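Below: one structure, written as structure tokens.
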Amino acid sequence: MILVTGGLGYIGSHTVVSLLEKGYDVLVVDDLSNSTVDVLDGIETASGIRPVFEKLDLQDRQGIEHLFKSYTIDGIIHFAAYKAVGESVEKPIAYYQNNLGSLLNLLSEIAQSNKSIPFIFSSSCTVYGEADALPISEDAPIKPATSPYGNTKQIGEEIILDATRANASFKAIALRYFNPIGAHPSIAIGELPIGRPQNLVPFITQTAAGLYPKLTVFGNDYPTVDGTNVRDYIHVVDLAEAHIVALERILDGKANDAYEVFNLGTGKGSSVLEVVKSFERVSGLKLNYELGPRRAGDVVAAYADTTKAREVLGWKTSRSLDEAVASAWNWEQKVRN
Ligand code: UD1
């Protein structure tokens, strides 16, 4: 079966649904630090199948050993990690301990298993920092991380690369996500930020739902189309599907190198105001927003060069920004009712 760590989280749960729909047996592991068991019900509603679930903190080495003894694991998609940029600056040790400790425990278990277990790693376009050229290809240089969170992704990738070099049977793919948004069309699962959302789309939908009086647009004097930051917003279901394609690439022996990296995005940049307009279009509502100062640490613009994902991985997105924003809004309305 396929082990999905962090399988009750936002991207994890959508990937579990895609795996189940494709007929895979799925073992979900999650410590519930940023999710709830109710997500299992949502996964079951969306896919018609209830995956096996084990509550486990991956920093528990013995717990992982027990897990590998109890189940036959044929592949791993590793999402489980802390992911809040701001919080990582305040609690760097907790971020390094959790994100890297979990990764190291999994990798040592794989090494001990004497089995070839494909490994898919959840990485981020944050590794490119302020890229020198757009769109951003996988060859773009890695820039010094601007947060401990981003650093755990960079270090994580380096650790995995070294692990593939040391073990001829170990193959891994790191997927560098641009900005995932939206929800499964069934709206049985979606994004559930705890507290005030830091990310743009959940903040927009929660504002429209009346939880906040207005959205503040962080900066309108950037050298972009309308002065606001440009990002590559990708529908979470498109993103989820890429994980299965990546997993099958290794399972089917099609990976060229023991360690490969792919950018996952649409290739199209959208400004903050374009996302606001998309929301207004699909919801028929007017969003209350103000133009405010820049947010520290934001890059001006980031969107993916999708060539490698398309030509080598054989994957591309099929869902539009409007479709993604509409699904996020449908989900928000469901959560609030
Ligand atoms: C952020 C992280 C990134 C991480 C990702 C995970 C930073 C610098 N980057 O991406 O490393 O992988 O989250 O979720 O934190 N915006 C507003 N008003 C708001 C919220 C956001 O104008 O209330 C703007 C931001 O300034 C940005 C855009 O919306 O231009 C997208 O922001 P966000 O959703 O936080 O994503 P990133 O900053 O791209």
Side-chain angles (χ1 to χ4, degrees), residues 6 9-12 14 34 79 81-90 95 99 121-131 134 136 142-154 156-157 174-182 191-209 211-236 239 263-266 269-279 287-304 321 324-325 328:
Y10 174 43
I11 307 171
H14 287 82
N34 195 21
F79 292 102
Y82 294 158
K83 62 168 187 179
V85 176
E87 184 187 58
S88 79
V89 177
E90 285 152 32
Y95 270 67
N99 293 7
F121 181 61
S122 181
S123 190
S124 167
C125 70
T126 193
V127 301
Y128 300 116
E130 188 77 71
L134 292 170
I136 303 173
I142 302 300
K143 296 282 176 74
T146 53
S147 72
Y149 157 76
N151 210 20
T152 66
K153 294 299 175 190
Q154 292 192 6
E157 287 198 16
L175 299 175
R176 293 176 178 158
Y177 314 148
F178 282 69
N179 289 58
I181 60 165
E191 188 171 12
L192 268 180
I194 293 176
R196 189 185 174 91
Q198 305 301 313
N199 295 114
L200 178 62
V201 170
F203 200 87
I204 289 176
T205 57
Q206 290 197 14
T207 301
L211 277 76
Y212 300 98
K214 59 175 172 252
L215 166 78
T216 300
V217 175
F218 297 141
N220 69 328
D221 57 352
Y222 287 103
T224 61
V225 56
D226 55 20
T228 67
N229 287 147
V230 167
R231 296 287 183 274
D232 187 338
Y233 296 93
I234 169 173
H235 196 304
V236 67
L239 186 67
N263 285 347
L264 299 183
T266 66
S270 304
S271 73
V272 175
L273 290 177
E274 283 167 349
V275 177
V276 170
K277 275 188 216 123
S278 166
F279 175 80
L287 187 79
N288 193 21
Y289 71 88
E290 64 175 5
L291 301 173
R294 293 180 174 194
R295 177 173 72 177
D298 271 342
V299 300
V300 178
Y303 50 93
L321 175 68
V325 172

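These figures come from a predicted structure and were not determined experimentally. Whatever order the structure lists ligands and atoms in, that order sets their numbers, starting from 1. Values reported hereafter were calculated over all heavy atoms of this structure, with side chains retained and with hydrogens, waters and symmetry mates removed.
At a 4.0 Å heavy-atom cut-off, ligand 1 touches Tyr233 through the side chain alone. Contact annotation: for Val272 versus ligand 1, heavy atoms closer than 4.0 Å belong to the side chain alone. Contacts of Leu215 with ligand 1, taken as heavy-atom pairs under 4.0 Å, involve the side chain alone.
Nearest protein neighbour of atom 4 (C) of ligand 1, counting heavy atoms only, is Tyr149 CE2, 3.8 Å. Remark: minimum distance from atom 18 (N) of ligand 1 to any protein heavy atom is reached at Thr216 O, 2.8 Å. Atom 36 (O) of ligand 1 has as its closest protein heavy atom Asn179 ND2, 3.1 Å. Given atom 38 (O) of ligand 1, the protein heavy atom at minimum distance is Arg295 NH2, 2.8 Å. Distance from atom 39 (O) of ligand 1 to its nearest protein heavy atom, with residue and atom name: Arg231 NE, 2.6 Å.
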Worked verdict on Tyr222 versus Asp298 for side-chain hydrogen bond (donor to acceptor under 3.5 Å, both in side chains) = CA-CA 11 Å; Tyr222 287 103; Asp298 271 342; 4.7 Å; no
Please walk me through it: do Tyr177 and Ser122 pass side-chain hydrogen bond (donor to acceptor under 3.5 Å, both in side chains)?
-> CA-CA 8 Å; Tyr177 314 148; Ser122 181; 3.0 Å; yes
Assess whether side chain to side chain contact (heavy atoms under 4.5 Å, CB included) is satisfied between Arg176 and Ile136, documenting all intermediate values.
-> CA-CA 11 Å; Arg176 293 176 178 158; Ile136 303 173; over 6 Å; no
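No heavy atom of Gly150 sits closer than 4.0 Å to any atom of ligand 1. Taking a 4.0 Å cut-off on heavy atoms, Tyr177 fails to register as neighbouring ligand 1.
Among Leu273, Ile11, Thr126, Val127, the residue whose heavy atom lies nearest to atom 11 (O) of ligand 1 is Thr126. Distances from atom 12 (O) of ligand 1 to the heavy atoms of Ser123, Ser124, Pro193, Gly86 show the closest one on Ser124. Taking all heavy atoms of Tyr289, Phe178, Tyr222, Phe218 into account, the minimum distance to atom 19 (C) of ligand 1 is reached by Phe218. Comparing heavy-atom distances from atom 5 (C) of ligand 1 across Leu200, Asp232, Asn199 singles out Asn199 as nearest. Ranked by closest heavy atom to atom 26 (O) of ligand 1, the top entry among Ile204, Asp298, Val299, Val300 is Asp298.
For ligand 1, the atoms closer than 4.0 angstrom to any heavy atom of Gly297 are 8 (C). Residue-ligand proximity, Val217 to ligand 1, at heavy-atom distances under 4.0 Å covers atoms 22 (O). Less than 4.0 angstrom separates some heavy atom of Asn229 from each of these atoms of ligand 1: 26 (O), 27 (C), 30 (O).
In this structure, Tyr289 places its OH atom where only 12 or fewer heavy-atom neighbours from other residues, nucleotides or ligands lie under 6.0 Å away.
Between Val85 and ligand 1, a contact under 3.5 Å exists for no N or O pair. Looking at ligand 1, you won't find any N or O of Lys83 less than 3.5 Å from one of its N or O atoms.
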